[in-house]
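All heavy atoms count here, side chains included; hydrogens, waters and symmetry mates do not. Every number for a ligand or one of its atoms is a count from 1 in the order of the listing.
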Amino acid sequence: MKFPKNFKFGAATAAYQVEGATKEDGKGIVIWDKYLAEQQRFSPDPAADFYHRYPVDLKIAHDFGMTVVRLSISWARIFPEGTGAVEPRGVAYYHKLFKECLDQGIEPYVTLHHFDTPQVLQDKGGWLSQEMLDAFVEFAKFCFKEFPEVTYWITINEPTSMAIQQYVSGTFPPAEKNNFHKAMQAEHNQNLSHARIVNAYKEMNLGGQIGVVHALQTVYPYDPENPGDVHAAALMDAFEDRFYLDGTLAGKYSDETLSLWQEILNANDQEMIEISDQDVAILTKAADQLDFVGVNYYFSKFEREYHGVTEVVHNGSGDKGSSVNRLRGIGEEKLRPGIETTDWDWAIYPEGMYDQLMRIHDNYPKVKDLYITENGIGLKESLPENATPDTVIDDQKRIDYLAPHMKEVQRAIADGVNVRGYFMWSLQDQFSWTNGYSKRYGFIFVDFNDQKRYLKKSAYWFNDMIRTGEIPDKNWKLETQTTISKGQ
Ligand code: BGP
């Protein structure tokens, strides 16, 4: 089976995870700078030093046949204080970066917010404050005017990961726990500022496209025959996914989504948020004009009925089996027997990719185009002792993960879902927010000691798929490395 002719293949990155240079050229402080310094677990510098080495990585992307790459603009490089004075060196950097992409025949898909809120705006309440929402809209409008070379914009990356990790699981700064009310308010505010940005972009009539990227773990009942488990899965889905899908893709929250949320809040003795008719009008207008939705799919969840207290243990070290996820008023995560997980306890379940795509297709008919904007596997990988610049890292496990997921993408396309492209997470090894540097995702191996690049086997496999338009079969062997340079 072949991918459609104009299907776009590429890889994804995010500013804070790749750029490093967090104190260079007048960049302002973002929430992670302070949080990571306090935690003292790992430093965001130099990450993959993309701030200086972007031509190397983009050349590799080009050499391997990619035609699209996801990048994000660090808001604090442009507005160090979130609003007000513009830092021209930040603006100049992104002009250079986008030019390099286009010179390499790569279309940049540019995210405006990928987890790195300026600290000054978090101090004012982050997603919970009107000031942050207004500032975000202004930042977006500035970018639309300043960077006409960008055709594809993404408003927010994974708003769900932010809201829930900031206010419920406490794994993202400001690391509050169990505040479901705040999480819901942040979710609604993100939806609203996303919608205002989409509407502003369309009013500016710039001729490009705008979308949003959601993290969508497909949620299943642990035991589909047990009504309690079925309900727990519905609660988890409303909490993590549906509130966003309704808000951004339908333009209004369904009664069922709101009543599931009400149940979560009741169970936690917390109040419902207010949603005005005016808010809904803004959401609807944006959903009608949205060009695409990006799906970040890594794993699925299996939920069991649970009524105890909330208990979350995050596996941020790759210590398999160490994570716990029990949320009062929602459910308890419990892996179905026989399902493999990564070292970070993410359930490998390719069917979840298909089911998620079909659900968007079936339930959100306004959606025009879809992309897989992230999909990949974090692995513990190291450089062999006798490595030479030509060493290729054997990441067969990544290929074993990607192949069945891409098959599910093909199956969804065959069943009528308009998937236009696929971005593997990630282009190069980089800094992972809550896991540091040991969870590697890249096609390009980065030696974080000296920033040297090495290629991984999966990059050649991916290149084979781009060239043939087909997923290489199980017997695929690495034979092509001499034809592609590392561009180092
Ligand atoms: C998504 C984010 C990325 C990236 C990826 C892998 O949630 O958009 O920024 O980090 O997941 O997650 P992690 O780094 O936690 O393994």
* Asked: Would you say the ring centroid of Y460 lies under 6.0 angstrom from that of F64?
  ->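 Ring centroids of Y460 and F64 are less than 6.0 Å from each other.
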
* Is the ring centre of F144 less than 6.0 Å from the ring centre of W153? ->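 Between W153 and F144, which both carry aromatic rings, the centre distance is below 6.0 Å.
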
* To do: Let me know which of F299, Y297, Y220 forms a ring pair (Phe, Tyr, Trp, His ring centres under 6.0 Å) with Y349.
  =>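 Option passing the ring pair (Phe, Tyr, Trp, His ring centres under 6.0 Å) with Y349: Y220.
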
* To do: Would you mind finding which of W344, Y441, Y16 brings a heavy atom closest to atom 6 (C) of ligand 1?
  =>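 Looking at heavy atoms only, the winner is Y441.
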
* Asked: To which of E374, Q165, R440 does the heavy atom nearest atom 8 (O) of ligand 1 belong?
  ->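 The residue whose heavy atom sits nearest atom 8 (O) of ligand 1 is E374.
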
Distance filter under 4.0 Å to [X] heavy atoms, resulting ligand 1 atoms:
{"X": "W433", "answer": "3 (C), 9 (O), 10 (O)"}
{"X": "K439", "answer": "13 (P), 16 (O)"}
{"X": "S432", "answer": "13 (P), 14 (O), 15 (O), 16 (O)"}
{"X": "N157", "answer": "8 (O)"}
{"X": "H114", "answer": "2 (C), 3 (C), 8 (O), 9 (O)"}

* **N435 and ligand 1 - part of the residue with a heavy-atom distance under 4.0 Å** =>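 The answer is the side chain.
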
[atom] [closest protein heavy-atom partner, distance rounded to 0.1 Å]:
{"atom": "atom 10 (O) of ligand 1", "answer": "Q17 NE2, 3.1 Å"}
{"atom": "atom 7 (O) of ligand 1", "answer": "E158 OE1, 2.4 Å"}
{"atom": "atom 5 (C) of ligand 1", "answer": "Y298 OH, 3.2 Å"}

* To do: Could you tell me whether the side chain of T218 reaches within less than 4.5 Å of the side chain of K301, counting heavy atoms only?
  =>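 The answer is no; the side chains never approach within 4.5 Å.
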
* Asked: Do the non-hydrogen side-chain atoms of L192 and L283 ever get within less than 4.5 Å of each other?
  ->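 Sidechains of L283 and L192: in contact.
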
Pair [X] + [Y]: basic N to acidic O under 4.0 Å:
{"X": "D25", "Y": "R77", "answer": "no"}
{"X": "K320", "Y": "D345", "answer": "no"}
{"X": "K59", "Y": "D63", "answer": "yes"}

